[in-house]
Every structure is written in C-alpha cells, then in structure tokens.
Amino acid sequence: MAPPSPLVKAVKGMNDILPAEIGRWHAIEGAFHRTMQRLGYREIRTPYVEHTPLFVRTIGETTDVVEKEMYSFVHHGDPLTLRPEGTAGAVRAYVEHSVHHHEPVTRWYYLGPMFRAERPQRGRYRQFYQVGAECLGDPGPGCDAEMIDALVGFLREIGIESPDVFINSIGGPETRTRYKEALVAALTPMKDKLSPDSQRRLATNPLRILDSKHPADAEAIASAPTILDFLGDDDRAHWDELRRHLDALGTPYTVDTKLVRGLDYYTRTLFEIKGAYDKLGAGSTLLGGGRYDRMVKDLGGPDVPGIGFAAGLERLLIASNLEVSQSVVDVFVAPIGEGTKSPALVLGRDVRAAGLRCEVDTRGASLKAMLRRANALGARVCLILGDRELDEGVVELKDLAGHVQEKVARADVVARTAAVVASPPPEPPRGSEAGQ
RNA sequence: GUGGGUGUAGCUCAGCUGGUAGAGCUCCGGAUUGUGGUUCCGGCUGUCGCGGGUUCGAGCCCCGUCACUCACCCCA
C-alpha cells in the first residue's frame with residue numbers, strides 16, 4: 001500500500017459511497033419517498049449549517065450530542081454548526097416561514113447528511129445519512145399511531161423482516177418534573193453503586209440513567225419508579241388512545257418504560273424501532289422518534305405541537321436484504337476502426353433517444369476488450385459497427401444473454417434493439433448450475 | 001473519550017520454532033488479422049501501516065505511533 005498521504009485520505013468517519021453501492025441507496029431512498037408521499041408528506045431541504053444556538057436550545061445543553069459531538073465553528077463571528085439532526089432545522093424553517101398561517105397541519109419529510117463527531121462504528125459514521133419526517137399541527141395521538149404503523153410498513157418494504165416497535169410516554173413538562181424528583185429520590189440512596197456516568201447524570205439528566213447499559217446500573221434501573229405511573233390525566237388519556245389506535249391498526253408493539261431519548265425536546269410519545277440484530281450488533285436501533293409539543297413555541301413560533309422521527313440510512317442499508325440490479329447500461333456500441341467512431345456516436349444517441357441506457361466505446365480497443373466491457377457493464381445488447389457493416393448499411397446486433405447475433409439494417413436497429421432489451425433473457429443452457 | 005482485536009498486491013487472505021514475499025479474484029494481453037461471459041497461456045501492481053529497538057539477519061519478537069475495526073459511552 002502506498003504510504004498514507006493526507007491528500008488522498010478521507011476524513012475519519014466520513015466515507016465515499018461508490019457507484020457499486022449506490023443502487024441500494026437509491027432503492028431505499030426511493031421506497032422512503034414513496035412511503036412518505038403516500039402519507040401526504042412533502043420533501044423539505046434545509047441547510048446543512050445552522051446557527052449553533054438553534055441546536056443548543058432545542059437538543060439541550062447537557063445532552064451528549066451538544067456537549068461533545070457537534071461540528072461547531074465560528075465564521076466571521078457567527079457561531080455555526082453542521083447539523084447533527086434534522087428536526088431543529090425543519091422546525092426553524094416552519095417558524096421562519098410562518099407555515100402555520102398557510103395550513104393547519106404540515107407534513108414534511110427530508111433526507112440528507114448529518115454530522116456528529118463520534119467514534120465511528122458499524123452503521124455509525126461522523127457524516128451519516130438520515131431519512132426523517134415531521135408532522136406539525138396535529139397533537140395526536142392518531143398522527144403518532146399512523147406514523148409508527150407506516151414506518152413498520154416501510155421497513156418491511158425494504159426487506160427488514162420483523163421490525164420491533166417500542167413505545168413509551170414521558171408526558172409533558174409537569175409529569176417530567178414530578179417524575180424526575182421521584183427518580184432522583186429513589187436513586188440517591190444507592191448513588192455509590194451507580195456507574196460514574198450515571199452518578200453525574202443524577203444531577204444533570206436523571207432520565208438518561210434509565211437508558212444505561214452499564215451492569216452497575218442494572219439493579220437501580222430495575223428498582224426505579226415507572227414514568228407511566230406519573231402521567232397526568234391528559235398525558236394518560238393521550239397514551240391510552242395511542243395504544244388503542246395501534247391495536248386497531250394491528251401494529252404489534254412493546255411498552256418499554258425505560259425508553260428515553262438523548263435529545264431534550266421530546267414530550268409524551270416516544271418510539272423506537274429495532275431489528276436485524278444479527279447484522280447490526282449493538283447498534284440495532286433502526287429508527288427513533290417522538291413528540292415535541294413545545295419546540296415550535298420555544299423557538300418563538302406559535303403553540304403548535306409536533307412529532308417526528310429519524311432513521312439512519314447506513315443502518316437501514318445493513319439491515320435490509322434488498323437485491324438490486326448491477327446492470328449499468330442496456331446497450332453497448334462497439335465501433336471497429338477509426339472511421340466508424342462518428343457513426344457509432346450517432347447510433348448511441350439514437351439508442352438513448354429510445355430511452356435505453358447506452359455506452360459508446362470510442363477508446364479504439366479491440367473487439368474482444370469491448371465485448372468484455374459490454375459484459376461487465378451488464379449490457380443486454382452489443383451493437384457492433386465496423387467498416388464492413390458501414391458499407392452495407394447494417395449493424396451487427398449481438399444479444400449477449402441469448403448468445404445470438406443478427407445483421408440488422410441501420411434504419412431498423414433502434415427498434416430491434418429495444419425489442420431485444422425488453423425481451424426476457426433466455427433460459428441458461430442446460431448443464432450450467434441452477435442459479436440461486 | 002475508555003477498552004479489546006487487526007494492519008502483507010486494487011480486493012480477500014496465506015506466510016512454519018525469526019533466514020530480505022506468495023495464492024485466489026480483479027485488471028491487461030494472447031490462443032481467435034472483427035466476437036463477451038466458460039477454458040488454456042502469459043503479464044502488471046508491494047517502502048509487509050509508519051518510526052524506533054533487539055538480532056549476523058525482522059512480515060514474524062519488543063516499544064511507540066497512526067489507521068481500521070468491534071464493544072462501551074451515546075445515538076439513527
């Protein structure tokens with residue numbers, strides 16, 4: 001291997017997605033577009049860079065994301081940050097454009113890169129891609145149930161066998177305050193036994209202790225009070241109705257009273273979907289979301305509730321077993337001889353005008369090399385154009401899957417090529433292995 | 001940020017109790033002056049991650065460092 005040169009080395013945690021893999025990305029992104037559009041969501045694209053205080057305010061000052069994972073910098077005196085998640089920017093846009101004046105309910109989805117300076121791991125990168133959506137203006141819980149149900153359908157559609165839904169409610173601010181007090185009261189006596197992280201969180205962010213996987217915390221977590229017991233009447237009614245809707249939709253779920261999130265803006269409904277444990281290892285959370293009824297108002301907007309979710313595309317890619325075609329072109333044009341290059345270019349353009357994908361080889365390579373490349377590109381048809389064919393006004397049309405070749409008049413070539421490309425490939429010759 | 005594992009050709013990897021590098025795949029060419037995918041033959045690519053140490057001699061042992069990776073933390 002060449003000596004490592006910083007010039008040709010991607011930044012840690014940021015990687016290239018090469019054309020060989022892009023087909024799978026397109027497949028999942030396409031399924032996501034379709035899923036969300038069927039639900040009446042429209043795509044929004046917000047900047048990758050926002051003012052730092054937007055994230056500090058919405059995500060929370062004491063969260064790990066804000067404390068140590070943001071790519072922040074000062075540009076001409078402005079504190080700016082590469083977005084670590086999508087909700088803050090979407091809500092900022094909602095408020096900035098006074099969208100609530102135009103419509104009572106707003107359904108937006110997005111997809112794109114996010115940035116967090118974490119230690120890279122399987123399905124976890126510093127520049128990573130999320131798909132997500134926000135529904136603003138509907139307090140739920142019908143909206144919540146519909147979103148969860150649709151996401152289960154989406155995951156199944158991209159080949160994730162049995163997604164597991166986990167839900168919880170952390171109520172509103174009053175519920176949370178009362179619960180926090182009770183939790184701190186319950187855990188303080190056993191503070192010495194807690195992990196160092198959890199001891200610190202007892203003061204800063206006690207809810208997060210519930211999420212700890214540290215063995216030292218297991219006992220404390222098991223004995224901790226359950227937030228569902230602290231829900232106020234309204235929160236309780238919201239929670240019960242969510243469960244009724246999910247039952248009506250036939251969406252299986254598990255109540256997980258220990259489910260909390262690392263972002264501070266959530267209220268009431270929280271959900272998480274896991275799956276493909278064998279492929280993802282520790283990071284088997286495919287998707288997470290929840291309600292954030294106070295964020296719009298906190299940012300100076302109207303008192304409008306919201307709910308949203310985000311999923312990591314890299315993880316969906318790992319979890320999904322979608323197979324996609326590796327074919328790059330349908331047709332390959334192979335000119336033989338200098339004088340055939342121009343006619344080959346014209347032929348290629350004519351073929352493309354019929355809607356076919358086509359590469360013209362003007363390297364001047366041998367016919368053998370060109371056919372090899374046609375094969376490697378997954379072309380169905382190779383159009384061979386030499387001086388002989390040019391003189392006769394014909395093209396040799398080779399069906400690479402059928403292993404047959406025919407001489408076709410130049411005027412008929414495009415139509416004939418389209419017909420061959422559209423025809424099913426013949427059965428493999430007997431004696432060859434049955435394909436899987 | 002913490003802990004473990006791994007760094008040998010473009011890719012996947014072998015390399016014995018230390019004796020100055022190999023296979024398969026890919027790619028290129030030939031067998032077929034103009035016919036792929038199969039077959040046969042041939043060929044290209046390496047500061048063995050980097051730096052230092054031990055040794056007559058290090059891909060192999062020791063130290064450091066960097067990168068990758070897995071787990072923790074956290075999150076999608």
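Remember, predicted model here, so these are calculated numbers, not experimental data. By convention in this document, chain letters (A, B, ...) are assigned in the order of the sequence lines, proteins followed by strands, and residues within each chain are numbered from 1.
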RNA chain B nearest-nucleotide lookup for A:N15 and A:E118: closer to the 5′ end is A:N15
Can you tell me how far C1' of B:G10 sits from CG of A:D16, to the nearest Å?
15 Å
B:A58 versus B:G53 - spacing of their P atoms, nearest Å:
11 Å
Among A:L270, A:L246, A:T269, A:D138, which one satisfies side-chain contact (heavy atoms from CB on, under 4.5 Å) with A:D144?
A:T269
Measure the acute angle between the ring planes of A:F32 and A:F154, then classify it against the limits of 30° and 60° as parallel, tilted or perpendicular.
perpendicular
Across the strands shown, which category fits A:A374 at heavy-atom distances under 4.0 angstrom: base, sugar-phosphate, nothing?
nothing
Looking at A:E157 and A:R38, is any side-chain nitrogen of the basic one under 4.0 Å from a carboxylate oxygen of the acidic one?
yes
Could you check if a side-chain atom of A:L287 sits within less than 4.5 angstrom of a side-chain atom of A:R315, using non-hydrogen atoms only?
no
Start with the C-alpha distance between A:D330 and A:R357, add both sets of side-chain angles, then the distance that settles salt bridge (charged side-chain N to carboxylate O under 4.0 Å, His left out), and finish with yes or no.
CA-CA 5 Å; A:D330 304 305; A:R357 298 170 302 160; 3.0 Å; yes
Taking B:C72 as the reference, what is the distance to B:C40 when you measure between their P atoms (whole Å, please)?
47 Å
I want to check something: taking the side chain as every heavy atom from C-beta on, are A:T63 and A:F55 in contact at a cut-off of under 4.5 Å?
no
Say we look at B:C60 and B:C16: how far apart would their C1' atoms be, to the nearest angstrom?
11 Å
Is the centre of the A:F230 ring less than 6.0 Å from the centre of the A:Y179 ring?
yes
Taking for each residue the nucleotide of RNA chain B bearing the nearest heavy atom, is the 5' side occupied by A:G288 or by A:R124?
A:R124
A:L377 CG to B:C27 C1', straight-line distance once rounded to whole Å
14 Å
Look at all strands and tell whether A:Y129 reaches a base, only sugar-phosphate, or nothing, counting heavy atoms closer than 4.0 Å.
nothing
For B:U6 and B:C50, measure between their C1' atoms and round to the nearest Å.
16 Å
Atom P, compared across B:G51 and B:A67: separation rounded to whole Å:
16 Å
Inter-nucleotide P distance (B:U26, B:U39), Å rounded:
9 Å
Which ranges of RNA chain B pair up as stems, where a stem means three or more consecutive Watson-Crick or G-U pairs with both distances under 3.5 Å?
B:1-7 with B:66-72, B:10-13 with B:22-25, B:27-31 with B:39-43, B:49-53 with B:61-65
Can you tell me how far C1' in B:C11 sits from the matching atom in B:U45, rounded to whole Å?
13 Å
Provide the distance between the two C1' atoms, one in B:C44 and one in B:C28, to the nearest whole Å.
8 Å
Between B:G1, B:A76, B:C68, spot the one nearest the side chain of A:R119, thanks.
B:G1
Is A:R122 close enough to B:C70 that one of its side-chain N or O atoms is under 4.0 Å from OP1 or OP2 there?
yes
Treat primed atoms plus P, OP1 and OP2 as sugar-phosphate and everything else as base, then score nucleotides 29-36 of chain B 5' to 3': B for base contact with protein heavy atoms under 4.0 Å, S for sugar-phosphate contact only, - for none.
S-B--BBB
Taking only residues two or more places apart in sequence or in another chain, which ones pass ring pair (Phe, Tyr, Trp, His ring centres under 6.0 Å) with A:Y253?
none
Let me know the distance between CG of A:L155 and P of B:A76, rounded to the nearest Å.
15 Å
Between A:Y125 (OH) and B:U69 (C1'), how many Å, whole number?
10 Å
In whole Å, I'd like the distance from the CD atom of A:E134 to the P atom of B:A76.
12 Å
Parallel, tilted or perpendicular: which describes the rings of A:Y48 and A:F115, with under 30° parallel and over 60° perpendicular?
tilted
Note: A:R410-A:D350 ion pair, threshold 4.0 Å (strictly below)
yes
Please report the distance, rounded to the nearest Å, between CD in A:Q121 and C1' in B:U2.
12 Å
Determine, for A:E43 against A:R45, whether the closest basic-nitrogen to carboxylate-oxygen distance falls under 4.0 angstrom.
yes
Sugar-phosphate only, base, or nothing, as touched by A:G132 at under 4.0 Å among non-hydrogen atoms
nothing
